[in-house]
Structure formats: structure tokens, C-alpha cells
There are 2 protein chains.
Amino acid sequence: MEALGPAAKRFVVHWGEMGTRWGINRTVAQIHSLLYISPRPLNAEEIAQTLSVARSNVSTSLRELDRWGIIKVSHVLGDRRDYFESLRDTWEMIRLILEERKRREIDPTLRVLEACLEECETSKPVDSEVSERLRNMLGLFTTIDGWFREVMSLSSAELKRLVGMRRKVRKILRFGA
Amino acid sequence: MEALGPAAKRFVVHWGEMGTRWGINRTVAQIHSLLYISPRPLNAEEIAQTLSVARSNVSTSLRELDRWGIIKVSHVLGDRRDYFESLRDTWEMIRLILEERKRREIDPTLRVLEACLEECETSKPVDSEVSERLRNMLGLFTTIDGWFREVMSLSSAELKRLVGMRRKVRKILRFGA
DNA sequence: TGGTATGTTCTGTAAAGACAGAAACAACTG
DNA sequence: CAGTTGTTTCTGTCTTTACAGAACATACCA
């Protein structure tokens with residue numbers, strides 16, 4: 001088990017901190033970053049050693065990462081252990097993460113907003129004030145949802161191209177749709 | 001203190017839950033949603049009553065919301081109390097939130113990545129593997145940073161127009177930049 | 001000057017989340 | 001089959017975070 005170099009260590013620690021700000025478990029984030037920078041797939045034991053966390057903790061964290069779809073499991077001939085590695089394509093990773101967050105957060109919110117509006121408009125004293133605000137918010141999320149769908153339908157190569165077109169997009173915007 | 005209608009209550013509760021998923025304190029999120037749907041500005045006492053939370057909790061939460069720049073304080077003649085309301089423009093809100101998150105998360109991450117790379121490349125056995133991955137990640141964040149800047153420089157009206165142009169953007173993308 | 005209304009900061013407790021270690025489980029090996 | 005290795009799930013503890021209530025601060029008023 002080779003220890004991490006200072007740069008790698010710093011990256012992993014920072015990633016863990018950032019994770020917590022996004023509602024992602026620190027260990028999960030650390031493992032992800034470790035796998036991302038690791039030149040080769042690692043097994044659970046190595047991960048536990050390197051990060052000084054319990055083996056069980058690694059197990060559940062890996063499952064979470066798997067749920068996000070951003071790690072891969074591989075095997076070595078004659079070795080029963082699971083080896084894990086991160087996706088290399090950063091844009092693909094972002095895409096997957098956005099997809100999952102949409103599923104977990106945007107979709108439920110859309111449903112709740114619709115239900116609230118429903119309720120709001122069928123109640124006897126129709127509360128048009130509240131109803132209008134809810135409708136505004138629903139509009140926002142619908143639009144965001146649409147963008148997500150659009151972005152998610154792009155390949156990561158297309159995404160990269162789109163990103164490279166910032167200035168062009170801006171120009172179009174300024175000088176008329 | 002009029003209580004919340006069922007639709008409003010549901011919205012507030014959901015908003016609180018979503019907040020926690022984004023690393024935002026539940027009370028903070030609840031207060032924000034309450035102010036957002038409220039037809040009129042509310043004072044701290046009203047907020048505390050409506051949400052059944054301690055006055056002190058409201059105070060700190062409001063300060064946090066203020067830090068995000070998404071609420072406004074107003075006053076009524078002959079009333080010393082502070083009254084709070086949320087921004088109405090949902091896109092403007094999003095813009096402010098993204099701006100703040102960029103400041104808190106993307107900017108520091110860029111700095112860390114640069115420092116890591118620095119360290120990585122000046123160390124004796126230059127670790128080109130790690131260094132390359134860090135560079136990739138830095139590239140990703142640099143691009144994201146660029147988009148943020150771009151988006152943030154747009155007025156909320158422009159943003160809305162851009163959002164309305166999804167299909168057009170897509171077409172451009174498909175049929176050559 | 002003390003008294004009252006409002007707002008903020010501090011402090012201890014309670015709730016939630018993270019995690020280590022144990023136990024259970026599963027797959028393989030001789 | 002018992003023994004070994006690797007993995008997952010369970011359980012209790014520790015840490016962190018959220019929060020109520022108290023104490024404090026500030027401004028207005030009589």
C-alpha cells in the first residue's frame with residue numbers, strides 16, 4: 001500500500017470537504033477522489049488503508065458511488081477481490097451526477113409543486129396569491145428540467161463542444177434570437 | 001398570525017427537505033420558502049410562530065438568507081420590527097445562489113487544484129499520472145467557472161431568453177459550430 | 001432613569017449523521 | 001466438510017449539526 005503523495009492527499013481532503021457542502025458523505029467523496037487520481041484500480045482494503053477508515057465504511061460508500069454510476073468494478077485473474085476505479089471522463093461524470101440529482105431532487109419537487117397547485121386551486125377560498133407564486137416556481141423547475149433533459153441527451157463529446165461555444169451562444173443572445 | 005394553508009404547508013415542508021440535500025439548513029430553507037409564498041413581508045415573530053421554531057433560530061437563519069442575498073428587509077412606518085420578504089424573480093434568485101455557491105465551492109476548488117498541480121510537478125519524482133488527472137479536473141472546473149461567469153453576467157431577462165432558446169442551441173450544435 | 005419591545009449571541013441539549021467494530025454472509029479451497 | 005478470504009449488514013458510539021431558551025444588547029419611550 002503506497003501512501004498518497006502530498007498533492008494527492010490535499011486533493012482528496014479537499015474533495016471530502018466539498019462533498020459535505022453538497023450533501024455528500026465525506027468518505028464517499030474521498031473515496032471517489034482517491035479512485036479518480038489513482039493510476040490503477042484499488043480494492044476495498046487498499047482504500048480503507050489509504051484513507052484510514054473502516055472496511056465497512058468503504059463498502060457502503062462504494063455502493064453509494066455505484067448508485068451514482070461513477071465508478072466501475074473490475075477483476076484481476078486469480079484474485080477474488082473487487083477492484084474499483086473511477087470514470088476518467090470528467091464530463092461524463094458530471095452528466096451522471098446531474099442525472100442522478102435530477103432524479104432525486106428535481107423530479108420530486110416537480111411532483112410536489114404540481115400537487116400543491118392542485119390543492120391550492122381546488123380549495124374553496126382559492127388562494128390566488130400563493131397559487132401564482134407556486135406556478136412561478138413550477139415554471140422555473142420545468143425549465144430547469146427541460147435543460148437537464150437536453151443536456152443529458154448529449155454525448156459527452158457534444159457537451160464539450162457546447163461548452164466551447166460559450167462566446168458564440170452569447171453573441172446570438174445579444175444580437176437577437 | 002394566520003396559519004398556512006395545506007398547500008403552502010406542504011411546499012414549505014418539501015423545501016426544507018430539499019434544502020438539507022443541498023447542504024442547506026432545514027430551517028433556513030423553510031423560512032425562505034415561507035417568505036417566497038407569503039403575500040406580504042413577515043416579521044421574525046410571525047415566522048417563528050408559523051414554523052414553530054425558536055425566535056433565535058429565525059434570527060440566525062435570516063442572517064444566512066441575507067448572506068445569500070435572496071431576501072429583503074423592509075419597514076412599516078411606526079413599527080420598529082424588521083419585515084422580511086423573498087425576491088420574487090425566480091431567475092434572479094437562482095443567479096444569486098449560483099453566484100454564492102461558485103464563491104464558496106468552485107473558487108476554492110480551483111485554488112486547491114492549482115496548488116496541487118504546482119506541488120505535483122515540482123516534486124522530485126514527478127507523478128505524471130496524478131498530475132494529468134488533476135489537470136483534467138482543473139480543466140473541467142475552469143470551464144464550469146467560465147460558464148458561471150458568463151451566466152452571471154446576464155440579466156435575468158437575458159437568462160430567460162437563453163433558456164427559451166434551448167432547441168435553437170441544440171440545432172446549432174448538431175449542424176456544425 | 002427605568003421599562004418595554006426588538007434583535008442578536010451564547011450555551012447546553014437533543015437529534016441526525018458518520019463511522020468503527022462485530023457479526024453475519026457468501027464464495028471458494030483443500 | 002471445516003477453513004480461509006472477501007464482502008455486506010447490523011449495532012452502538014462518537015461527532016457534528018440544529019436548535020431552544022437564556023442571557024445579552026440596543027433602541028425607543030415615559
Side-chain angles (χ1 to χ4, degrees), chain A residues 1 12-35 41-68 71-85 104-105, chain B residues 1 12-35 41-68 71-85 104-105:
Chain A
M1 168 56 26
V12 169
V13 168
H14 178 77
W15 214 244
E17 282 164 3
M18 280 305 110
T20 61
R21 299 212 181 194
W22 282 76
I24 288 163
N25 179 291
R26 184 210 310 266
T27 308
V28 171
Q30 284 183 351
I31 292 180
H32 173 241
S33 62
L34 175 61
L35 293 178
L42 303 175
N43 62 50
E45 186 56 31
E46 290 173 310
I47 296 170
Q49 293 279 313
T50 310
L51 300 179
S52 309
V53 295
R55 186 64 194 67
S56 55
N57 194 0
V58 172
S59 175
T60 48
S61 298
L62 284 169
R63 210 142 52 76
E64 174 70 6
L65 285 170
D66 186 51
R67 217 172 291 134
W68 287 89
I71 59 169
K72 292 198 166 174
V73 189
S74 58
H75 293 95
V76 177
L77 202 67
D79 186 342
R80 297 205 275 117
R81 287 171 297 185
D82 292 343
Y83 282 81
F84 302 88
E85 61 189 316
R104 296 189 193 186
E105 289 140 25
Chain B
M1 166 57 27
V12 169
V13 168
H14 177 77
W15 214 244
E17 281 163 5
M18 280 307 111
T20 61
R21 299 212 181 194
W22 283 77
I24 288 163
N25 179 290
R26 184 210 309 266
T27 309
V28 172
Q30 284 183 350
I31 291 180
H32 173 241
S33 63
L34 174 61
L35 293 178
L42 302 175
N43 62 51
E45 185 57 32
E46 289 173 312
I47 297 171
Q49 293 277 313
T50 309
L51 301 179
S52 308
V53 295
R55 189 63 195 65
S56 55
N57 195 359
V58 172
S59 176
T60 49
S61 298
L62 283 170
R63 210 141 52 74
E64 175 68 5
L65 285 170
D66 186 51
R67 217 172 292 132
W68 287 88
I71 59 168
K72 291 198 166 173
V73 189
S74 59
H75 292 94
V76 176
L77 203 66
D79 185 342
R80 298 205 274 119
R81 289 172 294 185
D82 293 343
Y83 281 82
F84 302 89
E85 60 189 317
R104 296 189 192 185
E105 289 141 25

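Note: hydrogens, waters and symmetry copies are ignored here, and every other heavy atom, side chains too, is used.
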Trainee: Contact between Glu105(A) and Trp22(B) at the side-chain level, heavy atoms closer than 4.5 Å - yes or no?
Mentor: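 Yes. Closest side-chain heavy atoms under 4.5 Å.
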Trainee: Please assess Leu35(B) against Leu62(B) for the test side chain to side chain contact (heavy atoms under 4.5 Å, CB included), listing each intermediate value before the final yes or no.
Mentor: CA-CA 10 Å; Leu35(B) 293 178; Leu62(B) 283 170; 4.2 Å; yes
Trainee: Using every non-hydrogen atom in the two residues, find where Val73(B) and Asp82(B) come nearest and quote the distance to one decimal.
Mentor: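 Shortest heavy-atom contact: CG1-CB, 3.9 Å.
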Trainee: Check Ala29(A) against Gly19(A) and note the closest heavy-atom contact, atom names and distance.
Mentor: CB-CA, 4.0 Å
Trainee: Where do Arg80(B) and His75(B) come nearest, in terms of heavy atoms and distance?
Mentor: O-CD2, 4.3 Å
Trainee: Using a heavy-atom cut-off of 4.0 Å to chain B, what are the terminal contacting nucleotides of DNA chain D, in 5' to 3' order?
Mentor: dA18(D) to dC28(D)
Trainee: Going by salt bridge (charged side-chain N to carboxylate O under 4.0 Å, His left out), name the pairs with one or both residues in residues 16-35 of chain B, residues two or more places apart or in two chains.
Mentor: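 Every candidate salt bridge (charged side-chain N to carboxylate O under 4.0 Å, His left out) pair involving residues 16-35 of chain B fails, so no pair, neighbours aside, qualifies.
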Trainee: Pull out every residue in residues 75-84 of chain A that has a heavy atom closer than 4.0 Å to any atom of DNA chain D, ordered by number, or say none.
Mentor: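 Within residues 75-84 of chain A, the residues near DNA chain D are Arg80(A), Arg81(A), Asp82(A).
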Trainee: Taking C-beta and beyond as the side chain, do Thr50(B) and Val58(B) meet within less than 4.5 Å on heavy atoms?
Mentor: no
Trainee: For Leu62(B) and dT8(C), give me the distance from atom CG to atom P, rounded to whole Å.
Mentor: 8 Å
Trainee: Under the rule for side chain to side chain contact (heavy atoms under 4.5 Å, CB included), what residues qualify as partners of Ser74(B), not counting sequence neighbours?
Mentor: Pro41(B), Tyr83(B), Glu85(B)
Trainee: Residues in side chain to side chain contact (heavy atoms under 4.5 Å, CB included) with Asn25(A), at least two apart?
Mentor: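 Partners of Asn25(A) by the side chain to side chain contact (heavy atoms under 4.5 Å, CB included) criterion, ordered by chain and then number, come out as Thr27(A), Val28(A).
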Trainee: Along nucleotides 10-23 of chain C, 5' to 3', which nucleotides get a B, which get an S, and which get a -, given that the test is a protein heavy-atom distance under 4.0 Å?
Mentor: --------SSBBB-
Trainee: Between Val13(A) and Gln30(A), what is the shortest heavy-atom contact and its length?
Mentor: CA-NE2, 4.5 Å
Trainee: Between Ile31(B) (CD1) and dG7(C) (P), how many Å, whole number?
Mentor: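 In whole Å, dG7(C) P and Ile31(B) CD1 are 13 Å from each other.
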